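First the structure, in the form of structure tokens, and then the observations on it.
These figures come from a predicted structure and were not determined experimentally.
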Amino acid sequence: MDVALSTAQWVVGKALAPVADGMLEAWGNSNNLGLNVEALGTELLLVKATLETASRKQIGGQAMEKLLWKLRDSAHCAEDLLDELDYFRIHDELHGTYDASDQHAKGGVHDLALNARHTAKAVFGLSSAATPAEPGQVIQDARQRIGCCAWPRATQRSRGSSSSSTSNTNQADHKEVRGCMPKLGKLLLCSSSPHDDSSGNQSTLRGAPQKERAEETPMPRFNRVDISERMKHIVGQLQPVRRDFINILQSCDRITVPNIAQSRPITTGRSIEPKLYGRDHIMNSIIHDMTKGKYHSKDLTVLPIVGPGGIGKTTMIQHIYHNKEVQNHFQVVIWVCVSLSFNLNKLLEDIKKDIPRVEGEKDGRAEELIEQRLKSKRLLLVLDDIWECSNEDDWERLFLPLRKSQEKGSMILVTTRFSSIAKMVGTMDHSIELRGIESKYFRELFYAFVFGDDQCRRDDNFLLETGDKIMVKLKGSPLAAKTVGRLLRKDLNLRHWRRVLESKEWERLIGANDIMPALKLSYDYLPFQLQQCFFYTALFPEDFHLSSSQLINLWIGLDILQPDAQNRSFEDIGLSILNDLVGHGFFREEETDGRLCYFMHDLLHDLALQVASHDCASLHRSNVGLVQIQPSIRHLSIIIDDVGADNAASPENFKSQLTKLKTILKVKQLHTLMVFGEMDESFAKILGDLFREANALRVLRLVNMPSSVESILLNFSGLLHLRYLCLGTKYRMEMHLPLAISRFYHLRILDLGSWYRCRDLPKDLSNLAKLRHFCTPNDELHSEILNVGKLTLLEELKVFRVNKESEGFELKQLEPLTDLRELGIYNLENIHTKEEAANAKLIEKNYLERLTLVWDSEQQSITESDVEGVLESLQPHGYLQELCIRGHRGPSCPTWLGDKLNVEALESVHLVGVSWQCLPSLGKMWGLVKVKLEHIAAIEELVIEQSFCRLTRLELVGLGSFQKWVPSQDAHMFPLLQVLKIMDCPKLLELPFSNNNVYPKPDQDWNIDWFPKLQELEIWMCQEFLFMPRIPWTETLCHVNIRGVKVLDMFEYSKSSVGLKIVGKDDLQSLDQVLAFKNLTRLEKLTLEKCPPLEPKHLLMLPSVKTLVVESSDGLAGPLGGGCDVEWQHPVECLVVMKLHGDSGKELTELLTHLPRLSKLIIENCENNHLLSAGSFSCCLFPSSLQDLRLNGVKGLGTLEPLSNLTNLTRLDLFHCGEDLRCKGLEPLLTAGGQLRELEVRFSPRFFAGWDPNPRRVLQQDGGGEEQLVSPLSSSKLQKLWTDDSMGLLAAPICSLLSSSLTELHLYGTYGEMKRFTKEQENALHLLDSLQQLQFLGFDELQHLPAGLHKLTNLKRLEVCYCPGVWSLPKDGLPKSLQELDVCSCSNKELKQQCRALVATIPKIIID
């Protein structure tokens, strides 16, 4: 009821807005409209007064609610009508016409003609509803009504689409009019009309050839008599409802207690949930921090726990409260349920009575008694469910006596739904934010509510499959699990559960302990404007990444945001509301790709749909047949890409269901239509048919359009009420903008950000006098707006190119744009005098926040004094926040930026390519947070001004003469700087420190006062830059990228990926020149290239390093023994050694003994091929923990016997390890205790030659003896094998060993000139009956594939690549199991033809 009442008040207020604006007054003198305008205005005021009275009464019941909706609907009609009236008023003002007037400027006979035309419209039925396709029918209707006479609708010349019959009809109609009333007809035909070509007001695309101009559609026409009749009708609708409402209100009592205050349960410290699911780690962490950890030694800590309703805040705190360790640790434990009202006196009394008296205490106020009783006690106070604490003084008064205890470690735990409260009361820099329970724990909780102790039903897979789908929708909310679990428990059958899933039945449960009422309580607590802003978010898809502009633009389009007394912009008001919604827990902020986005929990999205169900509907594939479309719906969204839902309708069924909407949805009253997802042509046709009569739209969003918007919405040109229009094309589709855009006079936001390849604008876009925001795919499109000075409300003009030679692009166009927040003026070289520059009137633009001034090229004819004078005259107002000046060639900066600084409030300064001899007075700009200086030749030194203490970002680029920093008096070291970028400053030697002595020695600490907040550091191409800080010197440093400095080619550090890569130069003598090892305890990956050896003491300071890469260096590690008796070890798991110079074999061998957890070792392309000395191979060289070993270019192994201890090895790669390498010693890795799964051996041509892994014996039989193969004692575990020793591998003993395990075999033809496989090799290959994938690669001379491949009955993929000599597939065929055949880079045509012939029998064939 409250929502219905508030909504009705809001709509009536919107309808009355023209009264406040004086618009209705302007029509008051109209002969035909005056009385009706006055009557409508009066009636709306009476309705408003009635609703204000109702807001102070206790009203309820469905009948009363229906009356309110009737009032709202009539007020909407009034709003539409007055909006239309204002539209035609604007049109007359723009075009100098009198279509909406009853007096002509010239008076006399012109007045007569004008009124005659209005009368004719009424008499002959030429109403504003006539569409462009109907002129002939309208004329015919008129003929029937008056016999011989017809009155023409003003003709509209269109290009290329009007039929000749229509033209002829119009010509005949003109003749008939002249025949019946020749004089009056002549006057009427000469009257000005906005649609007459002769008026010169046609909308065209700027720069488009005349023959290519898009077809122009006529707009609806003004009909004064029709407007007047509609006014009477609306007044007639409002009056009886208002009178009935007044009669009912007389018997209603006044409101005494807010309803919401009666809705909150009182919580206690006793939990009714015996087990806590999924929160153990959070609970244990809090308990540890309170009893032993970081809170234990503090005076008094306030720890807020924040989360939406039903997320389990209270339950978790109850378990903490009753924990034995907690109860023993605190002498006093108190639980207080605060709820909606933060009553300080009551809270103090509740706390006081729960603290035991102490001996000798003195009577006094509650605060004094609390202080006395807690003097030597440790306190745990739980303040549960705080909804408000608007008075910070009250919180301080509560806090004051509690912190007087002499005992350390007292705690206050606060639970709240609102992050704003958490920020206010918390003493830590963070709070505990509870989100949904992790999936595996939530499943346990969910089914505990469903089945209870009934273990038998937990194995019912049919139910569990449906239950799991329901569970996903609950997004980890414990209260939702409880609500839905009990609902499912009522009937443990699949049909009931499916019905619950498809209908979201839990949304309709209204018990006090159900999830939706718990969430709605938060909604009811919001002020009405926040409620409105929240429930319209129901139109967006679930899990949609919302930007602030998407939300605020919608709110502006729906007239929710109204100017306030502080004269803030709509964006500022919208951001304030959005922050309030975040603070109340309805949105969560997250940064995605550097942009701040807003997310809503799915259950809150469901709540939005529920509370907005009278006004809003959102249709998608999974709900299109279930959503009940109410007759009051005015806001609709359609979500096309909902393919992930299990119960999603097919595209055809979805389209069919949408078509049925035509009989249900009141399209004429729609105010919002938003389409999400990519539509095809058939879908666009359905939309066109469904929304043919949607003429009242305020908000329209159509992106990813496959065709023109006019073909999707046939009435597009008649959308007179549009406030927010968002259009977009499919990616890379080129399409002209609709010309009708320039007729949407009420438009406030035009969003073409997704209109790809948008090149030209309608030339009369400046007709959109109410336009505030124009979003484009590129800023340059702003420069195409002709006569932009007419857009007096515009807030951003990012590119304005001065062109004095082209009318409509002069600098004086900027003078009327007083509401601009952002402005970029380009081509200022075309302005030669300060008088011309003064025409921009920048100093009068009091709301301007961001200003860019650009001289794009040098003008030789302009003197330095003229250039200087132009910039001097472009002085902005004193509260400008961001300033960018590019390419100014004057000798000095303007006085308003220098000696007579006028822009002291600047927060950002960006100077590019200016020729000034001295910089502006940056030291006087105390608000500076960002400074960027680019390509300024005059800068040799930079003074570290005291005002720089607030800088968060400093960028210096291309300063060729910049050499040093000059500290000012009381110099600081940038205490707030977060980003520092220095690029292409070839003479710079160091970072900004007062002198070189501040650099500590390697064994000294870095001064944390230097850049203590720095997060990002980039230094590029500063060849002389020598003095490096040791990184990271502060915990805040997240990203470092240094390239091309004195001692380093590259330095990349990322805290998020816990990785570090250094590429050194000859000048780098030791790693502790650049690394603060003690601050890298969390580093997980270290890559060193061309660096000095890593000393063991430094390695031991990196306990978290799991991956160590050393490349192109003279040594691997420093002295490992060094006379120290202590044996050391390091938990490195992966070691990569590449391209080492010198003899490092001994170093590596010794280092490996200190790495007991090493699981992966890669040695590649080292200069000394005998990196590991041959003598060392007699023993077990590598640690037995290895699971992955890759050797490339390591010579001297001879056999694999040195690897015999690697029983954990699962992968072994051997590349270029000598032509003498043999596989002797491989068997222990494959069988028995070995774990080898993958083996790759390349460029050792006789690796398998002669290897017999199986013992042979002769079995004597009658008549002689026959040698038979005896099965191995144990089978191989090898699954994947890559080798170029095909001849050696394909031997019966080897293939027999591998037969049961090998699933992938890759044979390479690197060595020999094998033309065909021998019979023995083919038979051996047939033994590999577990093969699923077989590849032949690079056999240049091979002519035939091995016969008998059909015997490999498990083979699924066969690949033959780069085998030009193979001319056919095996004659005996391929295995029936084959699913994929890949023949690439095999030139034989017959082979390809054979493959194509198998298309019907093999699912996938690739022929290249």
Side-chain angles (χ1 to χ4, degrees), residues 776 778-789 791 794 796-818 820-845 848-878 880-898 900-903 906 908-920 932-938 958:
T776 57
N778 60 78
D779 295 344
E780 187 62 35
L781 208 58
H782 280 201
S783 68
E784 297 292 319
I785 304 175
L786 178 67
N787 292 317
V788 71
L791 303 179
L794 196 65
E796 303 102 10
L797 184 59
K798 296 183 180 180
V799 179
F800 176 82
R801 294 195 174 275
V802 180
N803 186 350
K804 295 188 297 181
E805 308 304 321
S806 180
E807 186 177 352
F809 295 95
E810 312 90 340
L811 197 59
K812 65 181 181 181
Q813 288 288 331
L814 301 180
E815 180 180 351
L817 306 184
T818 55
L820 283 174
R821 264 69 177 175
E822 181 174 0
L823 172 62
I825 311 177
Y826 290 70
N827 295 113
L828 279 167
E829 68 277 3
N830 293 330
I831 301 299
H832 298 170
T833 67
K834 61 182 180 181
E835 289 76 18
E836 289 179 88
N839 287 332
K841 299 282 197 261
L842 294 189
I843 200 166
E844 296 178 7
K845 303 187 190 313
L848 193 63
E849 297 171 357
R850 298 175 294 279
L851 174 63
T852 299
L853 303 173
V854 180
W855 284 256
D856 287 337
S857 60
E858 293 187 34
Q859 295 291 313
Q860 302 297 331
S861 60
I862 307 176
T863 65
E864 282 190 352
S865 60
D866 287 336
V867 173
E868 193 172 7
V870 167
L871 182 54
E872 196 67 47
S873 297
L874 293 172
Q875 176 179 342
H877 71 95
L880 189 73
Q881 295 177 15
E882 300 179 21
L883 174 66
C884 174
I885 300 177
R886 186 188 300 269
H888 184 251
R889 311 311 297 173
S892 62
C893 70
T895 57
W896 51 265
L897 198 59
K900 299 178 181 178
L901 183 66
N902 183 60
V903 283
L906 274 178
S908 174
V909 173
H910 184 186
L911 303 177
V912 187
V914 296
S915 59
W916 305 339
Q917 297 305 306
C918 60
L919 286 177
K932 186 172 184 178
L933 306 176
E934 295 186 66
H935 306 292
I936 304 175

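Counting only distance, with no hydrogens or angles, the side chain of Ser873 and the backbone of Ala838 share no donor-acceptor pair below 3.5 Å. Side chain of His782 to main chain of Lys798: a donor-acceptor pair is present (N/O by atom type, distance under 3.5 Å, no hydrogens or angles). In this structure a side-chain-to-backbone donor-acceptor pair under 3.5 Å is present from Trp896 to Leu871. Using a distance-only test at 3.5 Å, with no hydrogens or angles considered, a donor-acceptor pair links the side chain of Glu829 to the main chain of Asp856. Although no hydrogens or angles enter the test, the distance criterion places no donor-acceptor pair under 3.5 Å between the side chain of Thr895 and the main chain of Gly898. Ser915 contributes a side-chain N or O that, together with a main-chain N or O of Gly890, makes up a donor-acceptor pair within less than 3.5 Å. His888 places no side-chain N or O within donor-acceptor distance of the main-chain N or O of Val854, the cut-off being under 3.5 Å. With hydrogens and angles disregarded, no donor-acceptor distance shorter than 3.5 Å links the side chain of Glu796 to the backbone of Leu794. Using a distance-only test at 3.5 Å, with no hydrogens or angles considered, a donor-acceptor pair links the side chain of Lys845 to the main chain of Ala840.
Here the CG atom belonging to Asn839 is positioned 8.0 Å from the CD1 atom belonging to Ile831, to the nearest 0.5 angstrom. Interatomic distance, Leu817 CG to Glu815 CD, rounded to the nearest 0.5 Å: 9.5 Å. To the nearest 0.5 angstrom, Leu842 atom CG is 7.0 Å from Leu853 atom CG.
In this structure, Glu780 pairs ionically with Arg801, as a charged nitrogen and a carboxylate oxygen lie closer than 4.0 Å.
Across all their heavy atoms, Phe800 and Phe809 have their closest contact at CZ-O, 3.5 Å.
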Go through it in stages, so that I can follow the logic: the residues are Leu811 and Ile825, the test is side chain to side chain contact (heavy atoms under 4.5 Å, CB included), and I'd like the CA-CA distance, side-chain angles, deciding distance and then a yes or no.
CA-CA 9 Å; Leu811 197 59; Ile825 311 177; 3.9 Å; yes
I'd like to know whether Ile885 forms a side chain to side chain contact (heavy atoms under 4.5 Å, CB included) with Leu897, so could you lay out the CA-CA distance, the side-chain angles of the two residues, the decisive distance to 0.1 Å, and finally the verdict.
CA-CA 11 Å; Ile885 300 177; Leu897 198 59; 4.1 Å; yes
Show the numbers, then the answer: is there a side chain to side chain contact (heavy atoms under 4.5 Å, CB included) between Tyr826 and Thr852?
CA-CA 8 Å; Tyr826 290 70; Thr852 299; 4.1 Å; yes
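With hydrogens and angles left out, the side-chain atoms of Gln917 and Ser892 include no donor and acceptor closer than 3.5 Å.
Annotation: side chain to side chain contact (heavy atoms under 4.5 Å, CB included) contacts of Glu934 (sequence neighbours excluded): His910, Val912, Lys932, Val957. With sequence neighbours excluded, the residues that form a side chain to side chain donor-acceptor pair (under 3.5 Å) with Arg850 are Glu822. Residues passing the side chain to side chain donor-acceptor pair (under 3.5 Å) test with Asn787 are Gln813, sequence neighbours excluded.
Partner Pro876 forms a side-chain contact (heavy atoms from CB on, under 4.5 Å) with one of Leu823, Ile843, Val903 and no other, that one being Val903.
Within 6.0 Å of NZ in Lys834 there are 12 or fewer heavy atoms belonging to other residues, nucleotides or ligands.
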